[in-house]
Amino acid sequence: MEIIHPENKNRKPVAEARNIYIGLLLIVIGAVWMLYNFGRIDYRLFDALFSWQMLTIVLGGYLLTLRRWAAGSVVVALGVVFALSDFFGLRIPLDKVALPLIVIAIGLIFLFSKKKTRI
């Protein structure tokens, strides 16, 4: 007989979503990498797909699969902003724009998180 605690009832769907996300992500990474090796993908696109900005978007997507909606949304949004700025050649000064955006994002995470954190 299995005892199910109320806090553990949503664990299985989250674990399945996480496994599906990681599995699909690895398949896409392998396919893109192979297409690049065979010359089917341009270097600029490959460079954009394997950048720190895309890593930020992927990390945000992972947080979304864990149902961390506020944190995942903010991280994805930051990744998209930085990826688009890099793709279009816009230079965002790290000290004047990027770091304040990161601080604002962290504040939004604390503001919209369901678990209240004591400082």
Side-chain angles (χ1 to χ4, degrees):
M1 183 167 152
E2 182 179 354
I3 298 174
I4 299 175
H5 296 285
E7 61 269 357
N8 291 339
K9 66 181 175 181
N10 291 331
R11 186 168 282 194
K12 188 173 181 180
V14 171
E16 289 175 3
R18 182 190 66 216
N19 290 344
I20 290 171
Y21 183 78
I22 292 173
L24 288 175
L25 179 67
L26 290 173
I27 290 169
V28 168
I29 288 172
V32 168
W33 196 353
M34 189 174 5
L35 288 171
Y36 174 73
N37 287 339
F38 286 118
R40 300 291 181 199
I41 293 181
D42 185 45
Y43 173 75
R44 183 177 159 124
L45 178 61
F46 183 78
D47 190 42
L49 291 174
F50 287 91
S51 63
W52 69 268
Q53 295 94 339
M54 193 58 68
L55 180 65
T56 305
I57 294 169
V58 167
L59 178 64
Y62 181 72
L63 289 172
L64 289 173
T65 62
L66 296 178
R67 297 183 180 169
R68 302 202 179 246
W69 305 116
S73 301
V74 169
V75 172
V76 167
L78 283 174
V80 168
V81 167
F82 289 126
L84 290 176
S85 70
D86 189 47
F87 185 76
F88 290 115
L90 303 173
R91 296 293 160 220
I92 298 177
L94 186 65
D95 60 337
K96 295 184 181 184
V97 178
L99 290 177
L101 275 178
I102 292 170
V103 171
I104 290 169
I106 292 171
L108 288 171
I109 290 170
F110 277 103
L111 189 63
F112 292 112
S113 67
K114 289 186 179 183
K115 293 181 181 178
K116 300 300 177 195
T117 306
R118 290 185 179 173
I119 298 179

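Just so you know, these numbers come straight off a predicted model, no measurement behind them. Index from 1, following the sequence.
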Would you compute the distance between atom [atom1] of [X] and atom [atom2] of [Y] and round it to the nearest 0.5 angstrom?
{"X": "Asp86", "Y": "Asp47", "atom1": "CG", "atom2": "CG", "result": "7.5 Å"}
{"X": "Leu90", "Y": "Phe82", "atom1": "CG", "atom2": "CZ", "result": "12.0 Å"}
{"X": "Leu55", "Y": "Phe50", "atom1": "CG", "atom2": "CZ", "result": "11.0 Å"}
{"X": "Ile22", "Y": "Thr65", "atom1": "CD1", "atom2": "OG1", "result": "7.0 Å"}

Hey, any chance [X] and [Y] share a hydrophobic cluster, counting ILVMFWY side chains that come within less than 4.5 Å of each other, even indirectly?
{"X": "Val32", "Y": "Leu59", "value": "no"}
{"X": "Val103", "Y": "Val81", "value": "no"}
{"X": "Met54", "Y": "Leu24", "value": "no"}
{"X": "Ile29", "Y": "Ile41", "value": "yes"}
{"X": "Val28", "Y": "Tyr36", "value": "yes"}

*Apply side chain to side chain donor-acceptor pair (under 3.5 Å) to Ser51 and list each qualifying residue two or more places apart in sequence or on a separate chain.*
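With sequence neighbours excluded, Ser51 shows a side chain to side chain donor-acceptor pair (under 3.5 Å) to Gln53, given in chain and number order.
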*asked:* How close do Gly61 and Val76 get, counting heavy atoms only, and between which atoms?
replied: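 Looking at all heavy atoms of both residues, the closest pair is N-CG2, 3.6 Å.
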*asked:* Please find the pair of heavy atoms, one from Leu108 and one from Val74, that lie closest to each other, and give the distance.
replied: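 Of all heavy-atom pairs spanning Leu108 and Val74, the closest is CB-CG2, 4.2 Å.
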_Looking at Tyr21 and Val58, would you say the former's side chain and the latter's main chain have a donor-acceptor pair under 3.5 Å?_
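Checking the backbone N and O of Val58 against the side chain of Tyr21, a donor-acceptor pair under 3.5 Å is found.
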_Is the shortest side-chain heavy-atom distance between Phe46 and Leu49 below 4.5 Å?_
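Not touching, per the 4.5 Å side-chain cut-off.
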